[in-house]
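Below is one structure, written out as structure tokens; the observations come after it.
Order of the sequence lines fixes the chain letters, A, B, ..., with proteins taken first and strands second; residue numbering starts at 1 for each chain.
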Amino acid sequence: GENVEQHPSTLSVQEGDSAVIKCTYSDSASNYFPWYKQELGKGPQLIIDIRSNVGEKKDQRIAVTLNKTAKHFSLHITETQPEDSAVYFCAAKEAGTALIFGKGTTLSVSS
Amino acid sequence: KAGVTQTPRYLIKTRGQQVTLSCSPISGHRSVSWYQQTPGQGLQFLFEYFSETQRNKGNFPGRFSGRQFSNSRSEMNVSTLELGDSALYLCASSVGPGTNYGYTFGSGTRLTVV
């Protein structure tokens with residue numbers, strides 16, 4: 001089955017800096033890669049996703065890149081703000097299979 | 001529209017007891033997945049239901065079970081509770097398992113086993 005590795009486990013940046021979180025997956029058949037943000041006391045919330053026929057996707061300050069050959073994908077947050085502080089999860093799946101998550105990255109943005 | 005509703009929000013049980021958690025998906029979503037979240041382990045997949053049938057199953061012991069009703073609402077049950085079952089249990093709904101669209105999560109049920 002699918003296995004997703006996520007790094008780093010913790011990340012501290014200054015407000016205004018960029019943050020990058022990286023994930024690798026094992027199943028070459030996976031073709032959907034979402035990213036979730038979880039704030040304290042809440043369930044994970046989808047912030048951006050990418051499908052295997054696309055190499056990069058942007059949404060304002062957030063971007064995701066995918067390298068299918070290397071089986072890794074990354075989340076990029078630019079101009080970080082204190083409200084970006086949360087736990088971020090990457091995930092991977094193929095249609096018909098379960099959505100498998102990485103272990104998460106705790107991002108702290110200090111002002 | 002209403003989001004994913006999980007009840008109860010908090011639960012305290014004693015070792016050896018059993019517990020049932022409930023999840024109501026977003027209207028129109030027919031697939032419900034359950035995850036266990038513990039510190040350091042991230043979200044571990046329990047099972048996924050679609051049209052009242054279990055479609056995928058994670059690597060958890062048989063004490064963990066679930067079901068889905070005709071209205072897509074789902075329940076999960078844990079029997080003979082152990083201290084290690086203390087966790088946040090999250091439910092997520094999606095259109096269906098054959099599609100690749102984002103899952104929408106509920107706020108979870110925090111289970112504490114004492």
Side-chain angles (χ1 to χ4, degrees), chain A residues 1-10 21 23-25 27 29-54 57 59 62 64 66 68 73 75 86-106, chain B residues 2-7 9-10 21 23-26 29-51 53-60 64 66 87-110:
Chain A
E2 177 63 273
N3 182 53
V4 178
E5 299 280 342
Q6 183 172 346
H7 300 280
S9 57
T10 60
I21 303 170
C23 291
T24 60
Y25 61 99
D27 189 349
S30 289
N31 53 15
Y32 176 64
F33 308 92
W35 286 87
Y36 286 81
K37 175 184 181 181
Q38 186 176 26
E39 297 175 319
L40 206 59
K42 298 183 180 180
Q45 180 181 14
L46 178 68
I47 55 172
I48 194 168
D49 56 13
I50 192 168
R51 289 170 174 79
S52 61
N53 58 346
V54 175
K57 184 176 179 181
D59 183 3
I62 293 174
V64 58
L66 170 65
K68 283 223 71 176
F73 56 113
L75 177 71
V87 181
Y88 291 81
F89 292 96
C90 62
K93 82 183 293 283
E94 175 191 7
T97 66
L99 184 63
I100 301 302
F101 286 82
K103 290 193 184 330
T105 296
T106 300
Chain B
V4 178
T5 303
Q6 290 190 247
T7 57
R9 286 297 308 274
Y10 303 93
L21 313 181
C23 173
S24 293
I26 288 175
H29 283 192
R30 298 172 61 195
S31 180
V32 173
S33 298
W34 289 89
Y35 290 84
Q36 181 194 66
Q37 185 175 24
T38 54
Q41 291 301 312
L43 285 79
Q44 294 186 283
F45 172 71
L46 281 155
F47 26 65
E48 180 176 28
Y49 286 87
F50 176 75
S51 293
T53 302
Q54 188 179 91
R55 293 303 180 103
N56 293 295
K57 187 178 188 302
N59 188 26
F60 276 81
F64 293 81
L88 179 67
Y89 289 88
L90 291 160
C91 156
S93 77
S94 64
V95 173
T99 58
N100 274 342
Y101 293 98
Y103 289 17
T104 302
F105 281 86
S107 295
T109 293
R110 172 74 64 184

Exercise. From B:Ser94 OG over to A:Lys93 NZ, what is the distance, rounded to the nearest 0.5 angstrom?
Worked result: 7.0 Å
Exercise. Got a second to check how far A:Lys103's NZ is from B:Thr38's OG1, nearest 0.5 Å?
Worked result: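 Reported value, rounded in 0.5 Å steps: 8.5 Å.
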Is [X] in contact with chain A via its backbone, its side chain, both, or neither, using a 4.5 Å heavy-atom distance?
{"X": "B:Gln37", "value": "side chain"}
{"X": "B:Arg9", "value": "side chain"}
{"X": "B:Leu43", "value": "both"}

Exercise. Has A:Asn53 got more than 12 heavy atoms of other residues, nucleotides or ligands less than 6.0 Å from its CG?
Worked result: yes
Exercise. Counting heavy atoms not belonging to A:Gln45, are there more than 12 under 6.0 Å from its CD?
Worked result: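 Atom CD in A:Gln45 is not packed in, count stays at 12 or less.
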For this session: Under the side-chain hydrogen bond (donor to acceptor under 3.5 Å, both in side chains) rule, collect the residues that match up with A:Glu5, sequence neighbours excluded.
Result: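 Scan of A:Glu5 (side-chain hydrogen bond (donor to acceptor under 3.5 Å, both in side chains), adjacent residues dropped) gives A:Asn3.
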For this session: Could you tell me which of A:Ala98, A:Gly1, A:Gly104 has the largest number of non-hydrogen atom pairs under 4.5 Å with chain B?
Result: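 Result: the option with the highest number of such pairs is A:Ala98.
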Exercise. Taking only residues two or more places apart in sequence, or in another chain, which ones meet B:Lys57 in a salt bridge (Lys or Arg N to Asp or Glu O under 4.0 Å)?
Worked result: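 Salt bridge (Lys or Arg N to Asp or Glu O under 4.0 Å) check on B:Lys57 returns nothing, list empty.
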For this session: List the atom of A:Ile100, the atom of B:Phe45, and the distance in Å for their closest heavy-atom pair.
Result: CD1-CB, 4.2 Å
Seminar exercise, completed: Of all heavy-atom pairs linking B:Tyr35 and A:Leu99, the shortest is OH-O, 2.6 Å
Exercise. So which part of A:Gln38 gets closer than 4.5 Å to some heavy atom of chain B, the side chain, the backbone, both or neither?
Worked result: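 Only the side chain of A:Gln38 comes within 4.5 Å of chain B.
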Problem set entry | Under 4.5 Å from any heavy atom of chain B - which part of A:Pro44 |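 A:Pro44 touches chain B through backbone and side-chain heavy atoms alike.
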